[in-house]
Amino acid sequence: MTAPSSSESDSAVRIEAAVRDALVMIQPNAVGLDGDADLASAVGLDSVQVMDMIMEIEDSLDISVPVEVLAQARTVNELRDGIERLIGQAS
Amino acid sequence: MSLFDKFATQRALQASLAEGGRVASLATPMDVIHSATSATIDGRRMVLAGTNNYLGLTYDDECRAAAIAAIEAYGTGTTGSRMASGNYAGHRALEQAMAEAFGWPAAIVFSTGYQANLGALSALAGPDDFLMVDGDSHASIHDGCKLSTATTIRFRHNDPENLDRRLARLGDDAKRTLVVVESLYSTLGDRAPLREIAEVTKRHGAWLLVDEAHSFGAFGERGMGLCEELGLLDQVDFIVGTFSKSLGGIGGFCVSRHADLELLRFASRPYIFTASPAPAVIAATHQALRRVLRGQDLRERLMAHARRFYAEAAQLGYRLGTTTPGPVAALVFSERDAAQALWRGLFDAGIYTNLMVPPATPSGLCLVRISLSAAHSDDELSKIIAALAEWAPNLGVSAAG
């Protein structure tokens, strides 16, 4: 296994911060939520709120996320990983 | 394990709507329909204020006569797709009339308004294309995006600047992008900033489709909708709409200033793989279109009702989804209980409205949606407003100062 470079880990930290900021904006009680917690069952987000959250992330990171890319993402970690892959493909 | 296990949320919703055996706010049983604004529900005659029947044409004498004559002449159904045996003269004549009404070269009729969006979006945007849709779009637009093989990107509701940034990120691909907006949003009744959206779209070389489902018939000198009213028909590429609101029938349409829209007949699965609308529906719709074209009287009456309702509801202290009066008036609440109590209160007072709750609403809002009609009498409107006044204190709503 190859250790991530510092720029890769910086990027991951930045993306996770954007995801968590967006989550707290939509649901203020979700501060410090476990990265693997289901956003629907643990925080009570519905599908529209998850889409609103992704829109916050897009503006924060200045990216466009195709709807189909994160359609299956259900946790903070899945959102972070999906966006990381998307940015990786674009660069 | 059951296939129905995944419907736990729907099961809970179904149970909550029953509310101890009382008539539910969803799928409310309409037992007898008396007119465009009156029906018997649960044994009582009610004022209908949640039916999207903006011009009241469901009971127009000429529309009904046209439908009856079509049944006598052509039978009850077509039993075939437009691409097979269901391509009747009536369907073709209605398409020609729709195209002529817009002054455009092409129009396609679909079997429902939902299918019009599905059929237009899925066929227009292919695997190398992009769909850029307003975040608060109707389910038929989102489903059209899903059915298409294009990449779908959402932009912030009614935010041309946000659209601008997203189109800029696409670079040259913006020219392969179809921007999709509604002119009048059905939940809050708010209007799109169409002039600004058209300017941004054209500046990036993208294409623009406007869904006029709730504005066709109600706006514009000839009733063609908000694009006509704003003088934007030369900047819009496609307009989609429905026959099931102002026109009082069922079906949908897509019109375009591009003659190549005709090609969709050979590519649009929701157009090809379904039976064409019944002859009676087509005949009534065509007659309703004639009435819409000379319907300034109906539009003036509808807007007079809208102005009165918006002014009086705001005076009572209700929060509305928008401050610009229109045929959709949404009373907005942050708590579901308050919206549900008002819906029930209005129902008990003999008024049928629509209760809308998340996730069918934007921003987690709960709504009691009232749709106004040119067919409402002044007395019916007074009854609705009086019931709102009676319920205002129960909801913590106080008269505006």
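Here is the naming used below: chain letters follow the sequence lines, and residue numbers restart at 1 for every chain.
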Participant: Most heavy-atom pairs under 4.5 angstrom with chain B, which of A:Val48, A:Val65, A:Ile26, A:Ile63?
Facilitator: A:Ile63
Participant: Chain A heavy atoms under 4.5 Å from B:Ala168: which part of the residue, side chain, backbone, both or neither?
Facilitator: neither
Participant: To see if you've got the definition right, give the donor-acceptor pairs under 3.5 angstrom between chain A and chain B.
Facilitator:
unit_1: A:Met51; atom_1: O; unit_2: B:Arg154; atom_2: NH2; d: 2.9
unit_1: A:Glu56; atom_1: OE1; unit_2: B:Arg156; atom_2: NH2; d: 3.3
unit_1: A:Glu56; atom_1: OE2; unit_2: B:Arg156; atom_2: NH2; d: 3.4
unit_1: A:Glu58; atom_1: OE1; unit_2: B:Arg166; atom_2: NH2; d: 2.8
unit_1: A:Asp59; atom_1: OD1; unit_2: B:Asn162; atom_2: ND2; d: 3.3
unit_1: A:Asp59; atom_1: OD1; unit_2: B:Arg166; atom_2: NH1; d: 3.2
unit_1: A:Asp59; atom_1: OD2; unit_2: B:Arg156; atom_2: NE; d: 2.6
unit_1: A:Asp59; atom_1: OD2; unit_2: B:Arg156; atom_2: NH2; d: 3.1
unit_1: A:Asp59; atom_1: OD2; unit_2: B:Asn162; atom_2: ND2; d: 3.4
unit_1: A:Asp62; atom_1: O; unit_2: B:Arg169; atom_2: NE; d: 3.4
unit_1: A:Asp62; atom_1: OD1; unit_2: B:Arg169; atom_2: NE; d: 3.1
unit_1: A:Asp62; atom_1: OD1; unit_2: B:Arg169; atom_2: NH2; d: 2.7
unit_1: A:Ile63; atom_1: O; unit_2: B:Arg169; atom_2: NH1; d: 2.9
unit_1: A:Ser64; atom_1: OG; unit_2: B:Arg169; atom_2: NH1; d: 2.9
unit_1: A:Val67; atom_1: N; unit_2: B:Thr152; atom_2: O; d: 2.7
unit_1: A:Glu68; atom_1: OE1; unit_2: B:Thr152; atom_2: N; d: 3.4
unit_1: A:Glu68; atom_1: OE2; unit_2: B:Thr152; atom_2: N; d: 3.3

Participant: Report which part of B:Phe155 has an atom under 4.5 Å of a heavy atom belonging to chain A: side chain, backbone, both, or neither.
Facilitator: backbone
